[in-house]
Each structure stands twice: as structure tokens, then as C-alpha cells.
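The basis for the numbers below is simple: all heavy atoms, side chains too, and nothing from hydrogens, waters or symmetry mates. Below, chains carry the letters A, B, ... as their sequence lines are ordered, and counting in each starts from 1.
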Amino acid sequence: MILPLHDRLRAHLGRLLAQLYSLDAQTTPAVPLEYPPTRELGDLGTPVAFELARRLRKAPRAIAQAIAGAFGALEGVARVAAAPNGYLNFFLERRGFLLDRLLPDTSRRPPATAAKAIVEHTAINPNKAAHIGHLRNSTLGDTLVRVLRFRGVPVEVQNYIDDTGVQVADVVVGFRVLEQKTLDQIRELAGSTRFDYYCWDLYARVTEWYEQDTARLTHRAETLHAIEHGGTDAADAAAFIADRIVRCHLQTMARMNVDYDLLSWEGDILRLQFWAQAFEVLKASGAVYLQTEGRLAGCWVMPIQDEPEAHSPKPEARSEPADEEDQAEEREKVIVRSNGVVTYVGKDIAYQFWKLGLLGRDFQYRVFAGRPEGPLWATCSSGGETDHPAFGGAAYVYNVIDVRQSYLQKLLKQALIASGHPEAAERSHHFSYEMVALSHATARELGYAPPAGSEDATRPFVEVSGRKGLGVKADDLLDTLVRNAGREVASRNPELGEAERERIAQMIGIAAVRYFLIKFSRTKIIAFDLEEALSFEGESGPYIQYAVVRANNIFQKLWQRDGLNEAGVVASLANVPAAELEGGNGGHELWQLVLDASRLDEVVEQVVRSLEFSVLAKYAFSLAQAFNAFYHRSPILNEERDDVRRWRAAAVIYLRDQLTRALDLMGIGVPPRM
RNA sequence: GCGCCCGUAGCUCAGGUGGAUAGAGCACCGGCCUUCUAAGCCGGGGGUCGAAGGUUCGAGUCCUUCCGGGCGCGCCA
């Protein structure tokens, strides 16, 4: 970790600048810290002299020299230098830097004093198998959870289950109308087939069946109504299907190392009348009102501010006088329809209120499944456990949901502001990301080729469609990846037993997908290509795992051959000359490794600030890359100079530990062999 | 029409709150396995950063306009 050093250096420089140039808190410039392009120039550097040059009317170089001259002593900093171009550079105490970081990793975590955050992710309709797009959501969501926890934020992970929606209703129609199945027959089927796969196909068939005769949509409406009111065969079927499919999804996600604290069921939000409660709040605050005229007469509506921050009056002095009256007309979003039924937005507002502790009403809770770490909880409407953890009521909320929902997520924040909770709106984040589409090659493999000359054929990718059944099922993808990884593992480690090989193959396959889904910016559409995702070479999760496995091998052999363990190496360093680390043997490669490895906390800080995980992925990859290059050039086991050997080992211990942590933040484990 | 996003090497993409010589993977070419696992390493070719203006000591990064592409804007969820 290097952030504490940054902080001390900034504070020291801040005091120094204030003193040297008679600046106060207002006028002292921020001190940006960077890494000079080579270690010859320094380990840390700042261009702060450029900023001061304008104000002081002096050359940057002269300012840098003045600061360097007055710098004095700061623990951890060996030397300060003013570069000819005006940069101010710092050289660190390398030996102490590394030794500090090799101390046992206790009490280093920031204390969990921060306020609770809720992260909601996954939220797959419980009517069919999960696909590759869902994996992007849950991988991003789970990585967010891990990264926040690393920063010391207590996180509650929720998975929203839309068990009362159209998609579940459609599968109910498929079973009951299309296939004429009773609930018992559905149950039997669920016990004897891949139920989520079966529903995947059935859902596509129902969609097609509707398209053949749109009058058949009455079945959907009837089923939807039945589900909402309960107590019918159709409602029971819906409940059974949703429960079973959710369990399938949980299994898929468990393979991905994705886990939850609470499953929030939409049915409970309805039955417990969260909306009625939220409606009172919204009415009382005037956030919604009853429209009495126009086409929305009879609806409860919320005014929409299109440009909340556009306060530029646009001095259009010559705007046409009377006309364009309707330009001033406020846009309105319907929250409650004229028939009295609340819209999706309304339900979402109620849920968001509950997440932030603003609703004044709570769910009941049941144990949904047992796990080694403790029960997985789910909401319920009645008969819940009396003893359960406290859920909801968070200070921060992150809704992980794709970019197409931006408009609605914006309305959510407006509702919070309008009902008098601007600070809650400020703490509500829409964690948005772009879609996963299919490359043409992969779509073709799946049996879908857009007709030549059609619009789809000209696009760079093919859109997935659950309704058409077009997409890569998550478990199929994982199976393929694991199978490929298993073949590789077997050919390299023929002595491994089947169970161990399978376990390792799982870890490698998961690393491949998770890394693949993290390495692109959130705002980038991923054109998923099977062949590309199957590659374990180059910039991939397995590449990084491989680096750690190699590092671990070194220490295994060091122990077997020389009886030297890691603790022994670290303990011996105090009396060993550190020329190899300090550049005395020519070159700074070893130190570069240590410095890079120390930056994990800085990278995570940036990741949380920008909510951009590709930064973490690239960081881990470049660390692995640096290690692999070092590995080839600088032996440890066969290094004859004992001091060199020990410092190399020490640096690799630290790098390996940091890389392992980085992988863990991405939900990727380290196999014992590869 | 309005809003959001994308445009960087042949392809796919990175490029902290502007800073030191624009990077990586894949593909292509040439090397490296009696020495800690070749899922690796080393070397090579490859760029008007969509275009034009502007701000700045300094712009791939910030502002404006334009071009090309995607998505969103419902008494659907």
C-alpha cells in the first residue's frame, strides 16, 4: 500500500508551500502525485511547480529547486530532486519500504466505521436460465462489493427477484396453456430436467405463439392478474417456477464466486403494500399530484426535470413572443395510472425508499438456503423469523443495472429530491454499464445468422434476445471454458487426480470469464466472441493466475530444496545488504516490482471513485506481466549471491501477495497448479 | 426533436482530478524449453488519437460546433 505515504508527502508539501510562499488554505495548490517514467528520475514526482509558476511569475525549475532545497526530512523519503523541466521528484527509502510491507497483514485494513452501503445486482427474471449478459451484471456488481469492502465499507448485497412480472407469467402460460401441464407435472419436470434450460426454450416458444395470434395475449393478462392476487393454481405455479429458477441462478452465480446477503422479492413489496406507504410520503411532500386535465387526467404524475443542472438561462432575447407555449409545458411521468394501478416506477421508488431507510416499513425475513458461512436470507410477507439481521436502511445505494434503465434511475433520484431527501439522492448511484452482444461468428455458431442485406447484417454485432432464445447460456459458457481448461491442466499435470483437475479447471474457467467481463470499460458494448473468451493467453485471467502459481512454485521448491520458508526469508533481511534492491547492481527492476505492487490501494481508491473496474484489471495484468519478465531474467533458486537471492525472494513474496489480493477483488482464486 | 454513450495501431481495447517519449492483447514476422511450469519470455513492423475551432506553459484527456454509429425518452416492466 502506498496511499499513506502519498498522504504524508502531500501534507508535508502543503505545509512547505504555505510557508515558502505565504499561501493559505485557499491558495495552496493541490499537489498531484505521479510516477516518473524511469526510476533514475525518481519514484514519485509532482508537477506542482508548473501550477505555481504562473502565480509566482517564476520559472518552474527555479520553484522546484527552492522546494527541494527547503524540503527537509520526511520519513520514508531518501532524497528530493528538482528535474530540469520543472518536475519535483522524490526517491524513497527502498529497504524500509519493502520491509514495512512484509510485516504480517494485521490491523492494516481500514476500520469499518464507514456507513453501510447496499449493492443491488443480478436481478434476473426468474423464468429462464441466466445468459452472458447477466454475467456481466453480476460480475460488475460482485466486484463492486469486494472493492467497497476492501475500502472498509460495510456492504449488504441484494438480489431483486421480479417474481410477479410479465416474464414469469409468460412461462406459466407456456406450461399451463401451451403444454397443458398441471402443477404436479411441472414439479416432476423440474426434478428430472435442467429446469432453467427447459424454461429458456419454453419462453421462446410462448413468445412465438403470441406472435402468431395476438389475441392469445389475454392469457398473459389473466395470469398476471392471478399472480397478483394469489390463491390460484396459476399463482402457485408462478411461485414454484420462480423459486426453482432462482435456485438455478444461485447455483450458476456460486460457480462465478458471486454471493448475496438478501433476496428481495417483488411479491413481498406488493403484499406488504410498500407502495401505499411510499405514496403517502410522495403525496404529502407534493412530489406527485393528481392530474385533472389533458390526456393524463386521472393519473398521479411526477413532473420531470429534463435538465436539473442546466441553469444557463440562454438569453434568447429575440425568442418568438407568444407561440411555443407548449415548450414551457412541464413533462410528466405517470406514477399511478387512471385505473389506480401503480406503475413499475412507483414500485421502484418504494423499494429505493426502503433501501435508504425512508419508508417507515420493513419486510419480514425467512431463511432461503443454508450455506457454510451462514443462512442466505430472503424477504417474506408473513411468518418470518423473529431473529434476523437488520436489512435495508443504508446510507449509500448502488443499483447495478444496464444503461437502458438510465432514464428510470434518474426519475428515482428526482423522486427522492422532490420528497425532501436531496442527500439521499446524492447517495443513490445508478451503476450503469453497456450491453453484451454477440459477435457475428458466435451468433452463427449458435445457429443465428442475420439475413444478408438486412440491417442486422451491417451492424458490428448481433443483439441477444431472451424472447427469441438467442444468446449464450451462462452455464454452457462456463462448461465450455472449464472443459478447455481441464484439457490444458491434464496435459501439463498428468499426475493429478480427476477431482483435483476438475477443481483447478473450474478456477481457471471462472478467471477467464470474470476477467473478460471486467477488462472493458462499463460504457463499452461487449461483442462477445466465444473463441476470444476461450483464449487463456495474453491479457486474460488465467495469465495472471499463472504468474501467481509460478511464484508460489518458487517458494515450494525453496522449502523442499533448501529448507528455507517465506517467514525465514523475511526475518533474515535485516542483516542483508540491499544493493540489489537499491540499484547497486545496476538497474532498478526489482525495486520497480515492489513499487508497482504497492499501488494496489491507490488503484482501488481510483476504482471506487470512478466505478471503473477496467483499471483494476489492467493493473493486475501489468503486475503479472512485470513478474513474468522478471521471472525469466532473474532466477531465485539458482541465484548464487545470497543477498541478491533473498531480496529477490522478498520482493516476489510481496508482489505475489498483492497480486493474490487483486485477483480476489476480481473474484478470482489461485489454483495450486496449472 | 431532446438526452446519454461510443469513435485511439489491421482487429479488440487501455490511456487517475489535463503533465515527462501515445500503450496492451490478438493477428503477422524472427528468435528462446539439459537451468524456479513455453498458459511464458525477447525482438520487429505498424498511429493525421473521427474533423475543425477554442482554453492552457502544456490537450488523446477540458469547452464549442460538425460528421459517423449505438441506446433511451409509454397510463410496458
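Counting non-hydrogen atoms under 4.0 angstrom, A/N484 reaches nothing in the nucleic acid. Base engagement by A/A297 is indicated by at least one non-hydrogen atom pair under 4.0 Å involving a base atom. Nucleic acid contact for A/V549: base, since at least one base atom lies under 4.0 Å from a heavy atom of the residue. Nucleic acid contact class of A/N553 (heavy atoms, under 4.0 Å, all strands): base. Across all strands shown, A/Y543 has heavy atoms under 4.0 Å from sugar-phosphate atoms exclusively, and none from any base. Base contact: A/Y35 has a heavy atom under 4.0 Å from a base atom. Across all strands, A/D162 comes closer than 4.0 Å only to sugar-phosphate atoms, never to a base (heavy-atom distances).
Residue A/T343 has its side chain nearest to B/rA77 when only B/rC57, B/rC36, B/rA77 are considered. For A/V615, the listed nucleotide lying nearest its side chain is B/rG15; candidates were B/rG15, B/rA77, B/rC41. Closest to the side chain of A/R609, from the set B/rA77, B/rU17, B/rG25, is B/rU17. The side chain of A/R337 sits closest to B/rA77 out of B/rC71, B/rA77, B/rG16. Closest approach to the A/K524 side chain among B/rA24, B/rC73, B/rA14 is made by B/rA14 (side chain taken as heavy atoms from C-beta onward). Of the candidates B/rA20, B/rA24, B/rA14, the closest approach to any side-chain atom of A/S614 belongs to B/rA14. Listed nucleotides B/rA24, B/rG72, B/rA77 differ in distance to A/E539; the shortest reach to its side chain belongs to B/rA24. Proximity note for A/F520 (side chain, C-beta onward) versus B/rA20, B/rC57, B/rU12: the nearest is B/rU12. Nearest nucleotide to the A/T523 side chain, out of B/rC6, B/rU35, B/rC73: B/rC6. Between B/rU56, B/rC42, B/rA20, one nucleotide has an atom nearer to the side chain of A/R633 than all others, and that is B/rC42.
A/A242 approaches A/W265 most closely through the heavy-atom pair CB-CZ3, 4.0 Å. When all heavy atoms of A/V341 and A/N339 are compared, the closest pair comes out as N-OD1, 2.9 Å. Shown here for A/Y35 and A/D43, the closest heavy-atom pair between the two residues is CD2-O, 3.3 Å. Residues A/F621 and A/E539 come closest through the heavy atom pair CE1-CA, 3.5 Å.
Nucleotides of RNA chain B nearest to A/K347 and A/N85 differ in position, and the one nearer the 5' end is that of A/N85. When each of A/A485 and A/Y344 is assigned the nucleotide of RNA chain B with its nearest heavy atom, A/A485 is the one assigned upstream, toward the 5' end.
As a whole-Å value, the separation of A/E612 CD from B/rC13 P is 13 Å. Atoms CD (A/E605) and C1' (B/rU17) sit 10 Å apart, rounded to a whole Å. As a whole-Å value, the separation of A/L408 CG from B/rC73 P is 7 Å. Atom-to-atom, NZ of A/K519 to P of B/rG23 comes out at 20 Å; the value is rounded to the nearest Å. At whole-Å resolution of the value, CD1 in A/I304 and P in B/rC2 are 17 Å apart. Atom-to-atom, CD1 of A/I401 to P of B/rA77 comes out at 14 Å; the value is rounded to the nearest Å. When rounded to the nearest whole Å, the span between NE2 of A/H6 and P of B/rG16 equals 16 Å.
An OP1 or OP2 oxygen of B/rA24 is reached within less than 4.0 angstrom by no side-chain nitrogen or oxygen of A/Y619. Checking the phosphate oxygens (OP1, OP2) of B/rA38, a side-chain nitrogen or oxygen of A/R550 falls inside 4.0 Å. At least one side-chain nitrogen or oxygen of A/S521 sits closer than 4.0 Å to the OP1 or OP2 atom of B/rA14. Between A/Q625 and B/rG25, a side-chain N or O to OP1/OP2 separation shorter than 4.0 Å is present.
Under the 4.5 Å side-chain criterion, counting only non-hydrogen atoms from C-beta, A/V604 is in contact with A/L665. Here the side chains of A/E332 and A/Y289 are in contact, with some heavy-atom distance below 4.5 Å.
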Problem set entry | Test log, rule ring pair (Phe, Tyr, Trp, His ring centres under 6.0 Å), inputs A/F528 and A/F461 | CA-CA 8 Å; A/F528 181 81; A/F461 44 75; over 10 Å; no

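Side chains of A/N399 and A/Q405: no donor on one and acceptor on the other come within 3.5 Å.
The base of B/rA38 has none of its N or O atoms less than 3.5 Å from a complementary donor or acceptor on the side chain of A/N628.
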Problem set entry | Base-pair map of RNA chain B as dot-bracket, where | denotes pairing with a different strand and pairs are Watson-Crick or G-U under 3.5 Å | (((((((..((((.....[...)))).(((((.......))))).....(((((..]....))))))))))))....

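The side chain to side chain contact (heavy atoms under 4.5 Å, CB included) with A/W275 is formed by just one residue from the set A/L270, A/T343, A/L282, A/I269; it is A/L282. For the side chain to side chain donor-acceptor pair (under 3.5 Å) test with A/Y433, the passing option among A/D402, A/T523, A/N137 is A/N137; the others fail.
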Output a table of nitrogen or oxygen pairs between the protein and nucleotides 27-31 of chain B separated by less than 3.5 Å.
none

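Put simply, the side chain of A/N159 gets close to the backbone of A/A123: a donor and an acceptor are under 3.5 Å apart.
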